[in-house]
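Structure record follows, encoded as structure tokens.
Start at 1 and go down the list; that is how both ligands and their atoms are numbered.
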Amino acid sequence: MRRSAAPSQLQGNPFKKPKFIPPARSNPSVNEEITKQNSDIKLLEVAASKNTFLQSQNDPRICSFNLPTEESAREINHGDNYREKCLEASAMRTLDPHHTVYSSPKEITVSKGREEEPDSLVKYFSVVWCKPSKKKHKKWEGDAVLIVKGKSFTLKDLEGRDIGRGIGYKCKELEKTEEGQTMMIGGKEIEVMGVISPDDFNSGRCFQVGGSSAVLSSSHTAKKCFSSPFKSVYKPSSKENSQNGFQNCKPRHDPYAPNSLVMLRPDNNHQWMFNRNCFPIVDVVVDPHLVYHLRPHQKEGIIFLYECVMGMRVNGRYGAILADEMGLGKTLQCISLIWTLQCQGPYGGKPVIKKTLIVTPGSLVNNWRKEFQKWLGIERIKVFTVDQDHKVDEFAKSPFYSVLIISYEMLLRSLDQIKSIKFDLLICDEGHRLKNSAIKTTTALISLSCEKRIILTGTPVQNDLQEFFALIDFVNPGILGSLSSYRKIYEEPIIISRQPSASEEEKELGERRAAELTCLTGLFILRRTQEVINKYLPLKIENVVFCRPGALQTELYRKLLNSQAVRFCLQGLLENSSHLICIGALKKLCNHPCLLFSSVKEKEHSSTWDENEERHLYEGLISVFPADYNPLTVTEEESGKLQVLSKLLAAVHELRPAEKVVLVSNYTKTLDILQEVCKRYGYACTRLDGQTPISQRQQIVDGFNSKYSSDFIFLLSSKAGGVGLNLIGGSHLILYDIDWNPATDIQAMSRVWRDGQKHPVHIYRLLTTGTIEEKIYQRQISKQGLSGAVVDLTKTSEHIQFSVEELKNLFTLHENSHCVTHDLLDCECTGENHTGDSLEKFPISRNCQLGPQQQKSNSLKPLSMSQLKQWKHFSGDQLNLTDPFLTRIRENVSFFFQNITNQTTSI
Ligand SMILES: Nc1ncnc2c1ncn2[C@@H]1O[C@H](COP(=O)(O)OP(=O)(O)OP(=O)(O)O)[C@@H](O)[C@H]1O
Ligand SMILES: [Mg+2]
């Protein structure tokens, strides 16, 4: 029977036809001919067999599917091997938010055997379908996947939707099914095109026809290319060749010099696609001036980025996500890439890019400019930063500048001008904000025509599958198909498999799909953890400090917990967000009672007080404050944390006069109080919060980091300015309050412990003992830590759902505990005799004293309860503390946890 082609058949259905045979294999004579005549390809083979230029080859963190092993350099087999590589890689990975990309093992095994297993219960077929008709020449309407399970049949379209069901055929009949056999299912006529292996179904690959399949796109493009290889290879447009003047095709830097960093040479497939004019192949070598400074992981990162944006990792895709943890130098890796691509290229040395657009949060625009200057000086690359006085037009008119740095906000305002400029490379810093494809910024950036797109983010990107899709689809549009098919094929099975009620079958399917997704995307996502730079960083001492609340605080806390509002919340009687108001009040109280006082007064004076929900919370509260209470006179004794803070600042000032402190809060009103205290003690301070004009931010940061600055304290609002800032001028960081989201706190903490820091770093997280702050901390470390799910920066308490049980726990004050968190750890120690003891003294079997050397804080992910248990911990009553700073605050502290990283010297 003749038939018209279904959509996929126009491109070739991989499940019906033999796999795509690459040009090199299908036509060896052509390949031989080309190799013979093109000396550069020969050179490629030789160069590929040397490993001088490919450091990523041996690195376990780099997914090196396309790297030029001797074999792969000789064959044009990118597309052909892709599926096998994915299959094999998928077995190695899970969809872990912290996963790094692994290299493939040497042997590739495809489980073909499974396809032939006679006793397999479920069968899968690729089919085409149409409405029933008697016509001889059918007009097939689409491709589909037929699932046969016993006697029941399900027909799914390539978006994963059910489009037909039926009952009646026998599985055995289908085992004999041959290509071309037709049958009726669910009111549709189908023709069987071939058998799909369980592997291909389980991984979801059988749905990846057309736009979503890297396999197809690769074979498709290669086919297109191969259709007339000689046209491009042997008949170059010599005019263009000579006009461009690339005959002098020496690498810009010596690829054989010691420590040279040489990029992967394009394979034959790539050459067919991109070297139509047959320029000689030239090694792309990163400027040794930069290489000299690069850390090993940064070299790997540059190789990775280069291969992604050159389309060498996934054919026809030019995007990448560099998701290295904070402080790993993503900026420098990008600068190195830009500088390399702007001056060099593999084809005749012709530069790959001319103009680059960098979009970044406002507070980092000048940081980018500074980093360009720091690594390349002011002469090599001319960067243009957009601000009120420097508009995009100026950049567009000038041939002088090649890099435009703009904030996300400015981008929206100047979108039309930006669109009129041809950018060859787009970098979105702190790009996790693009995870929401509905927001204006994302749609604006999607509308730019630039294909080479890089997202930089320190925040893990795989915690929400839809957000993950948005990020992937931004850098490599269409690679996962449409959102609806992605949902059906990946998201739904993965989510179902993680539910406790999931069947074994559902679990397996979900795991396979997750592995496949990781495999597909792992080619262009790279994440390394902080551990890779630990060895370049100084000692870090992290402390969790449980501060005893002041007497007024305790009294007010009790009063709040007895309020009608809290009682109603616990009975589930109040609606909506009333529990958030209660939580907010308790948090304010923990920071300082005067904050609560001001709130109550403010509400009392408002005209809507009588109807206000907060009345139920604040009623009678003012009577607890002294009659002459003045919220403007900040009394330290009233807040346990403030007392500890002022002693801590005094200790640093006295014991380490050359060192500085970064003081972080989520609230500007709290920062006001802290600023007041600084003033009281004559500590010079500077401040960055949401109100700080963007144009001044870098200046403030630079001022603080300068060794000539007299500022002792940097007051930082973590929400406003936490991301991306380098505050290495400070070596003590105090987190005055806690956020629900561990990512916010982690972001803030990594501002000081980063490359360039000279002093040992001390981090103090202050929590008020027995209060809601401890509960939030426990939530951070138990829920998120244990489940491994990492929340990201945009999630706030409004997104958190609480059960009545959880609210009960939140709204309890533990007045008699030194540390509720320690009580929960189920630790045998009393907190009395473990002060600063060394590992040798306390055997590892002891529950609570594994000591610093045992602690491997390998990443910035939230700590888990069990990890916390391994930290040193001791009560504040200890008299023989070895840490001089803790000794000074001991009196107001009920309990400490301490962890030391990189200990080589004493504190
Ligand atoms: N190889 C290096 N040698 C010395 N300093 C470096 C090196 N690489 C980066 N740095 C410095 O480390 C600091 C952190 O780098 P960068 O701001 O690029 O980190 P990041 O990965 O973007 O982190 P974040 O996610 O917090 O934005 C910068 O001051 C940078 O100049
Ligand atoms: Mg950064």
- request: Starting from atom 19 (O) of ligand 1, find the nearest protein heavy-atom neighbour and note its residue, name and distance.
  value: Gly329 N, 3.4 Å
message: Looking at ligand 1, is there an atom of it that comes within less than 4.0 Å of some heavy atom belonging to Gln747?
response: no
- request: Could you list the residues that satisfy side chain to side chain contact (heavy atoms under 4.5 Å, CB included) with Lys452, not counting sequence neighbours?
  value: Val309, Tyr318, Val352, Ile353, Leu425
Ligand 1 contacted by Leu332 (non-hydrogen, < 4.0 Å): yes
- prompt: To the nearest 0.1 Å, how far is atom 12 (O) of ligand 1 from its closest protein heavy atom, and which atom is that?
  reply: Asp755 CB, 3.1 Å
task: Determine whether any heavy atom of Ser750 lies closer than 4.0 Å to an atom of ligand 1.
output: no
message: I'd like to check whether Gly458 has a polar contact with ligand 1, where a contact means an N/O of the residue lying under 3.5 Å from an N/O of the ligand.
response: no
task: Compute whether any side-chain donor of one residue and acceptor of the other, for Ser731 and Glu659, lie under 3.5 angstrom apart.
output: yes
message: Can you confirm whether the side chains of Glu325 and Thr529 place a donor and an acceptor under 3.5 Å from each other?
response: no
N or O pair under 3.5 Å between Met326 and ligand 1: no
- prompt: Does ligand 1 have an atom under 4.0 Å from some heavy atom of Glu430?
  reply: yes
- request: Examine Thr331 against ligand 1 and note whether any of their N/O atoms are separated by less than 3.5 Å.
  value: yes
Which segment of Trp375 sits under 4.0 Å of ligand 1 when only heavy atoms are counted: side chain
message: Looking at Asp755 and Tyr536, would you say the former's side chain and the latter's main chain have a donor-acceptor pair under 3.5 Å?
response: no
query: Taking both backbone and side-chain atoms of Glu371, is any N or O found less than 3.5 Å from an N or O belonging to ligand 1?
result: yes
message: Suppose we screen for salt bridge (charged side-chain N to carboxylate O under 4.0 Å, His left out). Which residues come up paired with Arg369, at least two apart in sequence or across chains?
response: none
message: Looking at Phe474, I'd like to know if the NZ or CZ of Arg453 sits under 6.0 Å from its six-membered ring centre while staying within 45 degrees of the ring's axis.
response: yes
Protein heavy atom at shortest distance from atom 13 (C) of ligand 1: Asn726 OD1, 3.5 Å
task: Please determine if Lys370 and Asp702 form a salt bridge, counting it only when a charged side-chain N lies under 4.0 Å from a carboxylate O.
output: yes
task: Flag this pair as yes if the NZ/CZ of Lys382 is under 6.0 angstrom from the six-membered ring centre of Phe395 and inside a 45 degree cone about the axis; otherwise no.
output: no
message: Test your reading of the structure: does Gln298 have an N or O sitting under 3.5 Å from an N or O of ligand 1?
response: yes
query: Which is closest to atom 17 (O) of ligand 1 by heavy-atom distance: Gln757, Lys330, Arg754?
result: Arg754
query: If we only count heavy atoms from C-beta on, is the Leu294 to Ile302 side-chain gap below 4.5 Å?
result: yes
task: Examine the side chains of Ser665 and Asp737 and answer whether a donor and an acceptor come within less than 3.5 Å of each other.
output: yes
statement: Per-atom filter on ligand 1: closer than 4.0 angstrom to a heavy atom of His293 are 1 (N), 2 (C), 3 (N)
- request: Would you kindly specify which portion of Arg751 sits under 4.0 Å from ligand 1, judged on non-hydrogen atoms: side chain, backbone, both or neither?
  value: side chain
query: Taking N or O atoms only and a 3.5 Å limit, does Gly327 qualify as a polar contact for ligand 1?
result: yes
message: Under a 3.5 Å distance rule, please check whether Asp324 uses its side chain to pair with a backbone N or O of Arg528 as donor and acceptor.
response: yes
